[in-house]
2 protein chains.
Amino acid sequence: MTWLEQIKWDQDGLVPAIAQERGSGKILMMAWMNAEALTLTRQTGHAVYWSRSRKKLWHKGEESGNQQVVHAIRLDCDGDVVLLEVEQKGGIACHTGRHNCFYRELQDDQWQEILPVLKDPKQIYK
Amino acid sequence: MTWLEQIKWDQDGLVPAIAQERGSGKILMMAWMNAEALTLTRQTGHAVYWSRSRKKLWHKGEESGNQQVVHAIRLDCDGDVVLLEVEQKGGIACHTGRHNCFYRELQDDQWQEILPVLKDPKQIYK
């Protein structure tokens with residue numbers, strides 16, 4: 001079996017892909033990949049995901065310029081989750097203009113925002 | 001809406017939950033939670049997942065003793081991925097006896113094992 005065939009794709013042909021920032025170790029985001037997205041990620045060295053909402057390949061940073069340079073691709077024990085070690089260009093992974101997507105934390109039974117907006121999304125996506 | 005209702009559960013009533021080790025920042029594993037699992041995680045302070053294969057709640061560490069003490073619960077921008085900051089009891093998150101589940105890395109088009117087995121699974125699960 002090839003390395004791609006060893007991955008357990010779900011019923012939609014996807015796997016979750018976690019992007020972790022090289023150096024800081026912070027989790028930037030989690031998105032989904034199909035075999036083509038992962039192959040392109042491998043080939044180009046830049047993260048390519050599958051957008052479930054738009055139903056198309058999503059070259060991360062194609063609009064914003066905030067690409068993710070991939071330094072390592074790891075697979076979990078069950079073969080159904082991928083972990084990427086990436087360098088986040090522009091220091092902004094989230095479409096809200098924050099460093100990463102996990103900017104809400106449960107405190108006193110409410111989701112509290114714990115990360116600042118670094119750049120107005122209107123300026124990121126023109 | 002309550003904090004639970006603000007989460008976008010998938011068609012099976014689940015969300016992916018990433019467990020990140022407090023301190024080291026390493027990703028230990030990714031599993032799934034339903035509303036009951038997340039509620040129990042919140043109430044008990046120990047990670048409880050939903051086992052999709054066994055179709056039942058999975059109190060992490062119930063057999064192995066390797067529980068995860070939860071220090072923070074975060075939610076991503078789309079509200080459909082949960083991130084846990086945990087302390088991993090026993091230093092072993094993976095059922096293979098390794099520190100974490102992401103012990104394979106893509107090198108030369110092959111998945112190479114990059115983490116040692118710290119404890120024989122036969123000794124973990126008696």
Side-chain angles (χ1 to χ4, degrees), chain A residues 1-4 6-7 10-12 15-21 23-32 38 41-42 52-53 70-85 93-98 100-115 121, chain B residues 1-4 6-7 10-12 15-21 23-32 38 41-42 52-53 70-85 93-98 100-115 121:
Chain A
M1 289 204 292
T2 68
W3 65 275
L4 269 177
Q6 289 179 60
I7 296 174
D10 72 7
Q11 68 275 15
D12 298 317
V15 282
I18 303 165
Q20 181 173 32
E21 190 173 48
S24 78
K26 288 185 189 292
I27 309 300
L28 298 172
M29 55 183 280
M30 196 211 87
W32 296 79
L38 184 51
T41 296
R42 169 75 166 157
R52 296 183 303 170
S53 56
V70 177
H71 289 269
I73 300 175
R74 302 201 181 95
L75 185 65
D76 79 340
C77 53
D78 294 329
D80 59 4
V81 182
V82 166
L83 174 62
L84 306 176
E85 184 182 310
C94 187
H95 75 287
T96 64
R98 294 178 175 88
N100 66 71
C101 298
F102 296 93
Y103 63 85
R104 292 184 284 180
E105 186 170 293
L106 191 58
Q107 296 171 0
D108 302 325
D109 286 342
Q110 292 201 322
W111 296 110
Q112 303 287 350
E113 294 189 4
I114 56 168
L115 293 180
Chain B
M1 288 205 293
T2 68
W3 65 274
L4 269 177
Q6 289 179 62
I7 296 173
D10 71 9
Q11 68 276 14
D12 298 317
V15 283
I18 303 165
Q20 182 173 32
E21 189 172 48
S24 79
K26 288 185 188 294
I27 309 301
L28 298 172
M29 54 184 280
M30 195 211 88
W32 296 79
L38 184 51
T41 296
R42 170 75 166 154
R52 296 184 302 171
S53 56
V70 177
H71 289 269
I73 300 174
R74 303 202 181 94
L75 186 65
D76 78 341
C77 52
D78 294 328
D80 60 4
V81 182
V82 166
L83 174 62
L84 307 176
E85 184 182 310
C94 186
H95 76 287
T96 64
R98 294 178 175 85
N100 67 70
C101 297
F102 296 94
Y103 63 84
R104 291 183 286 180
E105 186 170 291
L106 191 57
Q107 295 171 2
D108 302 325
D109 286 342
Q110 292 201 320
W111 296 109
Q112 302 287 350
E113 295 190 3
I114 57 169
L115 293 180

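Chain A is the first sequence line, chain B the second, and so forth, proteins listed ahead of strands; every chain is numbered from 1.
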Structural part of [X] lying under 4.5 Å from a heavy atom of chain A:
| X | answer |
| --- | --- |
| B:L115 | neither |
| B:R98 | neither |
| B:I18 | side chain |

Is any side-chain heavy atom of [X] closer than 4.5 Å to a side-chain heavy atom of [Y]?
| X | Y | value |
| --- | --- | --- |
| A:W111 | B:I73 | yes |
| A:D76 | B:M30 | no |
| B:H95 | A:D78 | yes |

In terms of heavy-atom contacts, A:L83 and B:F102 come closest through CB-CD2, 3.6 Å

Closest heavy-atom contact between A:K26 and B:Q20?
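The answer is CA-NE2, 4.4 Å.
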
Partner chain A: residue of [options] with the largest heavy-atom pair count (under 4.5 Å):
| options | answer |
| --- | --- |
| B:C94, B:C101, B:P16 | B:C101 |
| B:Q110, B:Q107, B:R74 | B:R74 |
| B:G25, B:C77, B:G79, B:A72 | B:C77 |

Please rank A:T96, A:N100, A:D109 by heavy-atom pairs under 4.5 Å with chain B and give me the top one.
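Of the candidates given, the most pairs with chain B belong to A:D109.
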
Among the options A:V81, A:V82, A:T2, pick out the one with the most heavy-atom pairs lying under 4.5 Å from chain B.
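Winner by heavy-atom pair count: A:V81.
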
Can you measure from CG (B:L106) to CG (A:L4) and round to the nearest 0.5 angstrom?
8.5 Å

Would you call A:D80 and B:R52 a salt bridge, taking side-chain N to carboxylate O under 4.0 Å as the test?
yes

Under 4.5 Å from any heavy atom of chain B - which part of A:I7:
side chain

